[in-house]
Amino acid sequence: MSLPFTILLLLIFSISSSYFTSLGHCKIARLGIFPKVLKNAPDGSQKLKKSGLEMYYFNQTLDHFSFTPTSYMTFKQRYTIDFTHWGGAKANAPILAYLGGESSLDSSLSAIGFLSDNGSRFKALLIYIEHRYYGKTMPFGSAEEALKNASTLGYLNAAQALADYAAILLHVKEKYSAQHSPIIVIGGSYGGMLAAWFRLKYPHIAHGALASSAPLLYFLDSRPKFGYYYIVTKVFKETSERCYQTIRKSWKEIDRVSAKPNGLVILSNKFKTCAPLKGSLDVKRFLGTIYAEVVQYNRGPGYWLTNMCEAIDANPPDRQIDILDRIFAGVVATLGKQSCYDINMSTQPKNVAIAWRWQICTEMVMPIGYDKQDTMFQTAPFNITSYVDGCKACFGVAPKPHWITTYFGTQDVKLILRRYGSNLIFSNGLSDPYSVGEF
C-alpha cells in the first residue's frame, strides 16, 4: 500500500488493546504510501523539482453537494501538469491523472514514478492533483483555519475529493481543447481507492483507472477473513522463524519487566528512550509501528525487514544477550544508531496527521486489529465501541462506519463491477498487508 512517512497506513486503527494506537489521545496512523517512522523516504517537505512540471491553482468549490451560502465559498487547489510527452489534443493523446491521497503534492511527486515512466510510451499529458486539506490545498485560507474544528473539517471526505478531481479534469480538457483525449486515473493506497471510486462515480470523465494497493474491501460490511497483521506475521515468519518467535515472545517479556517496581525505568534504559516511559504501552506501540512498516514499506538499501531480522537473530561472540536486547538490536538496525530513540517520533507532518485523523474518525473506518491468527502479536481484536468513543473524544463526532460501502457500493463488489464496472485495474503485492482487503 500507499492511502500515509505514513498512508497508512498504516498501523493501527483500533484502540481496543493495551497497545493499540489511541484515538482518545489522537495518535492514529494512516494508509499512505510513505512510512511514519522509517527513514529513506520522502518527508513531504521537498519542493517541486521535476523537470517539465508546471504548477497551477484551481479555484475550487468548497461544497459540491449543497446550495447553502457557505457551499459557494472557494479555495485554491494545487495541481501540476507535465506537457513533456503529450502528443496533443489533435491526436487525441491520453491524459494520465494522479489522484492525490493523504499527503502533500510535493511528497507524492518525489515518490510516484509510474506516470513519468509511461508518459513517453503513451504520449500522455500527465496531471498530478493534490487532495483537499493536504499540502497547500487548504480551504478557509490556511491550515490553521481549515483544521481547527469539526465545522471546518466537515468538508473533508472522499466524495468531495472526487468532485474536486472531476472539476479540475474537466477544466483541463476544456482549457487545452482535449475533449476527446481519454483520461486514465491512477492512485495508490487511499489514492488507489479514490481512483477506483472515481471510475465508478464518474465514468463519463475517466475511461479507466489503475488502483494500486487499494483496500476497497477493508470495511465492516466487507471485512476480509484475515487482517492486516496476518500478513505482517506471515512475512516475518517466512523471512525468519527465529526472528518471528523472538518478537512473539517479547511482548510477555515487556509485560514482565514493566511489572517490576522499577520496570519502566529498566525498559527506558533498555530501549534508550528519549523520555521516560509512562507505561509498557508506549514501547509496544513503538515496536508495533516499526514491525508493520518494515513489511509494508520494505525497501533498501538492504531491505529493512531482512536487516531487522538479521540483527535480532545475531549471536554476538563477546556477550550474552536477552530477548529484549535482541529486539533493541532490530530497532537499531532499522532506525540506525541514535543517542536516544523518540518512541513518539513521526515523519508525518502535523497537518497531515490531523486531516487523516479526521477522515478515519468519520468515514474511513477500517476494522484493523490484532486477531487470533496474527500470532506474532498479542491478541486484541478491533472494537468498534472503543473506536467510536475515541473519535467522539477527539472531534466531538461519531464515525459512520457503513457510509463508504453504502455510498460506493462495495458490499458485494464483484456483483457491482459486473453490473457497471469496467476498465479497472487493481494491483498489489502479496506481501502488502493491505492485500487482504484488495482484489
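No hydrogens, no waters, no symmetry mates; every other heavy atom, side chains included, goes into these values. Keep in mind that what you see is a predicted model, and the values were worked out from it rather than measured.
Checked against the 6.0 Å centroid criterion, the rings of Y176 and F83 qualify as a close aromatic pair. Between F328 and Y341, the ring center distance clears the sub-6.0 Å criterion. A centroid separation of less than 6.0 Å is found between the aromatic rings of F395 and W358.
No donor-acceptor distance shorter than 3.5 angstrom exists from the side chain of Q60 to the backbone of K76, with no hydrogens or angles considered. Side-chain N or O atoms of R223 include none that pairs as donor or acceptor with a backbone N or O of L217 at under 3.5 Å. Between the side chain of R199 and the main chain of G421, no donor-acceptor pair closer than 3.5 Å is present. Side-chain N or O atoms of N298 include one that pairs as donor or acceptor with a backbone N or O of L305 at under 3.5 Å. Between the D342 side chain and the N344 main chain, a donor and an acceptor come within less than 3.5 Å of each other. A donor-acceptor contact shorter than 3.5 Å is absent between the side chain of D82 and the backbone of L126. Between the side chain of T334 and the backbone N or O of G330, at least one donor-acceptor pair lies under 3.5 Å. Looking at Y165, its side chain does come within 3.5 Å of a backbone N or O of G100 through a donor-acceptor pair. A side-chain donor-acceptor contact under 3.5 Å links N423 to the backbone of H207. When atom types are taken as modelled, the side chain of S104 and the backbone of G135 share no donor-acceptor pair closer than 3.5 angstrom.
Closest approach of G192 to A214, counting heavy atoms only: C-CB, 3.5 Å. In plain terms, the two heavy atoms of P139 and A146 that are nearest each other are O-CB, 3.3 Å. Across Y370 and G288, no two heavy atoms sit closer than the pair OH-CA, 4.4 Å. When all heavy atoms of A333 and M308 are compared, the closest pair comes out as CB-CA, 4.4 Å. I327 and S250 make their closest contact through CG1-CB, 3.7 Å (heavy atoms, listed as atom of the first residue, atom of the second, distance). Residues L424 and A196 share a closest heavy-atom pair of CD2-CA, 3.7 Å.
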Hey, mind stepping through R78 and D106 against salt bridge (Lys or Arg N to Asp or Glu O under 4.0 Å) and telling me if it holds? CA-CA 10 Å; R78 186 167 60 151; D106 305 290; 3.0 Å; yes
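Contact check for I81 versus L53: no side-chain heavy atoms found under the 4.5 Å cut-off. Side-chain contact between Y72 and T61: absent, with no pair of heavy atoms (C-beta onward) separated by less than 4.5 Å. Residues Q77 and F75 form a side-chain contact, since some pair of their non-hydrogen atoms from C-beta on lies under 4.5 Å apart. Between V397 and K392, the closest side-chain pair of non-hydrogen atoms is not below 4.5 Å. Considering only heavy atoms from C-beta on, Y134 comes within 4.5 Å of E102 through its side chain. The side-chain heavy atoms of T152 and L147, taken from C-beta on, include no pair separated by under 4.5 Å. Proximity of L194 to L162: side-chain heavy atoms (C-beta onward) are separated by under 4.5 Å at one or more points. H64 has its side chain within reach of Q160: a pair of non-hydrogen atoms, C-beta onward, lies under 4.5 Å apart.
Side-chain atoms of H402 and D221 form a donor-acceptor pair, as typed in the model, at a separation below 3.5 Å. Side-chain contact annotation: E438 with S213, donor-acceptor N/O pair under 3.5 Å present. Side-chain contact of D374 with T233: a donor-acceptor pair under 3.5 Å is absent, judged by distance alone. With hydrogens and angles left out, the side-chain atoms of Q373 and K225 include no donor and acceptor closer than 3.5 Å. Side-chain N/O atoms of S71 and D63 include no donor and acceptor closer than 3.5 Å. Defined by atom type and a distance below 3.5 Å, a donor-acceptor pair is present between the side-chain atoms of T375 and Y244.
Y420 OH: more than 12 foreign heavy atoms inside a 6.0 Å radius. Residue E238 places its CD atom among more than 12 non-hydrogen atoms of other residues, nucleotides or ligands, all under 6.0 Å distant. Other residues, nucleotides and ligands place more than 12 heavy atoms under 6.0 Å from the CD atom of Q179. Residue L430 places its CG atom among 12 or fewer non-hydrogen atoms of other residues, nucleotides or ligands, all under 6.0 Å distant. Around the NZ atom of K337, the shell of radius 6.0 Å holds no more than 12 heavy atoms that belong to other residues, nucleotides or ligands.
By the 30° and 60° cut-offs, the orientation of the rings of H171 relative to F58 is tilted. A tilted orientation is assigned to the rings of Y202 and H204, their planes being inclined by 30° to 60°.
Relative to the six-membered ring of Y407, K201 meets both conditions, a distance below 6.0 Å and an angle of at most 45° to the axis.
The SG atoms of C361 and C394 do not lie less than 2.5 Å from each other.
The one candidate from Y291, Y230, Y229, F377 that meets the ring-ring contact (aromatic ring centres under 6.0 Å, His included) condition with F236 is Y291. Considering V232, T239, I290, D432 in turn, V232 is the only one that fulfils the side chain to side chain contact (heavy atoms under 4.5 Å, CB included) rule with V295.
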